[in-house]
2 protein chains.
Amino acid sequence: MPQEPAPKLEDPDSVIARLRSSEIIPTTQRVEIGQILFASPQHLSAEQILERLSAAGRRVSKATVYNTLNLFAARGLVRQINVDPARTCFDSNTRMHYHFHNLDTGELTDVDVPAIEFSRLPNPPAGTELAGVEIVIRVKRKAG
Amino acid sequence: MPQEPAPKLEDPDSVIARLRSSEIIPTTQRVEIGQILFASPQHLSAEQILERLSAAGRRVSKATVYNTLNLFAARGLVRQINVDPARTCFDSNTRMHYHFHNLDTGELTDVDVPAIEFSRLPNPPAGTELAGVEIVIRVKRKAG
DNA sequence: TTCCTTGCAAAACTTTTGCATTAAA
DNA sequence: TTTAATGCAAAAGTTTTGCAAGGAA
């Protein structure tokens, strides 16, 4: 019987280098979490990371997973995404990009910057300046 | 001494008509909540609605506020907004529009559709169709 | 009367925190 | 050795739910 392929993990040394260059002390747990997140561009909740850790035979406490994700986010190693009010997602793709959000499945898909082009954008309110543009294109199963 | 002006309330009959046309039974509590929400285009959390209710001398249980907001959202009378992972906001402006999000204050400001114009948008993934485009323009206090 | 809604308290969740223990440099 | 991170359990916060009591048609 076909077996669920184990999700591939990023090379630990590469994760360590990445953490050090963000001035983050590379503890065992942080590296393990980084190996999961940085293996590919993806969107994971804290709970999903815990699942993948335990699937990989590693035990990391829930508190540490949250601490680590918040630390990574504060240092720009991941980006927080709020599409589902029930849980926060962390996006390991730190290049600028947008998202498709499938309303039926909850799935997020990246949209590269060149796929969207503005011909007009409003000026920020007085006293403020642009900090970023976030776009979520909601899609649903095609009626048919 | 200047007094905090009581936020104005929408006319009850107008709220009742609105609920009926969405096939929602206009109970006392639903009308009271509608009077707050529909008084002007605004973005309110469940907690803020409870505050305004009690400021107006009305008592509605927390459970009913949540039930009502979810009902209104399901019927398209308000739109749910997820910018703050800690709480869900409900937007009583149901016309299509976008938002400025002030990162320093958390404040949301409407951006009308004509203020943004696309010259290119990606095709939805195979098997899906467009359901909506959500844009949040993040702004911060101007450095100076 | 019949069906639906409300209110309360408790439950369910996600996320944060305090503190003793352990690991990193 | 000194400083910082981990793990646990408890706490905090928002949202949901079960059920008895009350309101709408």
Side-chain angles (χ1 to χ4, degrees), chain A residues 12-13 15-36 43-54 57-75 77-90 106, chain B residues 12-13 15-36 43-54 57-75 77-90 106:
Chain A
D13 290 335
V15 173
I16 290 172
R18 210 149 156 176
L19 298 188
R20 284 206 207 283
S21 76
S22 293
E23 296 182 307
I24 293 174
I25 296 173
T27 66
T28 309
Q29 293 83 347
R30 288 173 181 168
V31 172
E32 288 173 351
I33 293 171
Q35 286 187 258
I36 291 169
H43 317 97
L44 295 174
S45 66
E47 203 58 47
Q48 289 175 308
I49 289 185
L50 274 164
E51 281 166 19
R52 299 218 181 172
L53 282 166
S54 93
R58 277 88 175 267
R59 231 207 82 72
V60 178
S61 77
K62 190 171 283 197
T64 296
V65 169
Y66 277 103
N67 285 341
T68 300
L69 288 171
N70 287 336
L71 177 65
F72 284 9
R75 297 293 169 75
L77 264 49
V78 298
R79 200 212 291 180
Q80 253 185 266
I81 302 190
N82 311 306
V83 289
D84 180 353
R87 80 204 89 259
T88 297
C89 245
F90 295 85
Chain B
D13 290 334
V15 173
I16 290 171
R18 208 150 157 176
L19 297 188
R20 284 205 208 282
S21 76
S22 293
E23 296 182 307
I24 293 174
I25 296 172
T27 65
T28 310
Q29 293 84 346
R30 288 172 181 170
V31 172
E32 288 173 351
I33 293 170
Q35 285 188 258
I36 291 170
H43 317 97
L44 296 174
S45 66
E47 203 57 48
Q48 288 176 309
I49 289 185
L50 274 164
E51 283 167 17
R52 299 217 181 171
L53 283 166
S54 92
R58 277 89 173 267
R59 231 208 83 71
V60 179
S61 76
K62 190 171 286 199
T64 296
V65 169
Y66 276 102
N67 285 341
T68 301
L69 289 171
N70 288 337
L71 177 64
F72 284 8
R75 297 293 168 76
L77 264 48
V78 297
R79 199 211 294 180
Q80 255 186 264
I81 302 189
N82 310 306
V83 291
D84 180 352
R87 82 203 88 261
T88 297
C89 245
F90 295 85

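In what follows, chains are A, B, ... by sequence order, proteins preceding strands, each numbered from 1.
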Distance check needed: [N] [atom2] versus [X] [atom1], whole Å only.
| X | N | atom1 | atom2 | result |
| --- | --- | --- | --- | --- |
| A/Arg58 | D/dT6 | CZ | P | 15 Å |
| A/Lys62 | D/dC8 | NZ | P | 12 Å |
| A/Leu71 | C/dT15 | CG | C1' | 16 Å |
| B/Leu19 | C/dT5 | CG | P | 12 Å |
| A/Asp84 | D/dT14 | CG | P | 17 Å |
| A/Ile24 | C/dA24 | CD1 | P | 16 Å |
| A/Glu51 | C/dT14 | CD | P | 10 Å |
| A/Ile33 | D/dG7 | CD1 | C1' | 13 Å |

Where [X] and [Y] come nearest, the two heavy atoms and their spacing:
| X | Y | value |
| --- | --- | --- |
| A/Cys89 | A/Ser45 | SG-N, 4.0 Å |
| B/Arg18 | B/Ser21 | O-OG, 3.0 Å |
| B/Glu32 | B/Arg58 | OE2-CG, 3.1 Å |
| B/Pro26 | B/Leu19 | CA-CD1, 3.9 Å |

Worksheet item: Do A/Phe72 and A/Ile33 come close enough that some side-chain heavy atom pair is under 4.5 Å?
Response: yes
Worksheet item: How far does OG1 of B/Thr88 sit from OH of B/Tyr66, to the nearest 0.5 angstrom?
Response: 8.0 Å
It should be established whether [X] places a side-chain nitrogen or oxygen under 4.0 Å from OP1 or OP2 of nucleotide [N].
| X | N | value |
| --- | --- | --- |
| B/Tyr66 | D/dT15 | yes |
| A/Gln29 | D/dG7 | yes |
| B/Asn70 | D/dT16 | yes |
| A/Thr88 | C/dT15 | yes |

Polar atoms only, N or O, under 3.5 Å: list the protein pairs with nucleotides 8-13 of chain C and their distances.
from	atom 1	to	atom 2	distance (Å)
C/dC8	OP2	B/Arg59	NH2	2.5

Would you indicate which nucleotide in [options] comes nearest to any side-chain atom of [X]?
| X | options | answer |
| --- | --- | --- |
| B/Thr27 | C/dT6, C/dT15, C/dT17 | C/dT6 |
| A/Arg20 | D/dT6, C/dT15, C/dA25 | C/dA25 |
| A/Ile25 | D/dG7, C/dT5, C/dA25 | C/dA25 |

Practice prompt. Under the side-chain contact (heavy atoms from CB on, under 4.5 Å) rule, collect the residues that match up with B/Ile25, sequence neighbours excluded.
Written response: B/Thr27, B/Arg30
Worksheet item: Which part of the nucleic acid does A/Pro26 contact within heavy-atom distance under 4.0 Å: base, sugar-phosphate only, or nothing?
Response: sugar-phosphate
Practice prompt. Could you check whether B/Ser45 gets within reach of a base, just the sugar-phosphate, or nothing at all, counting any heavy atom under 4.0 Å?
Written response: nothing
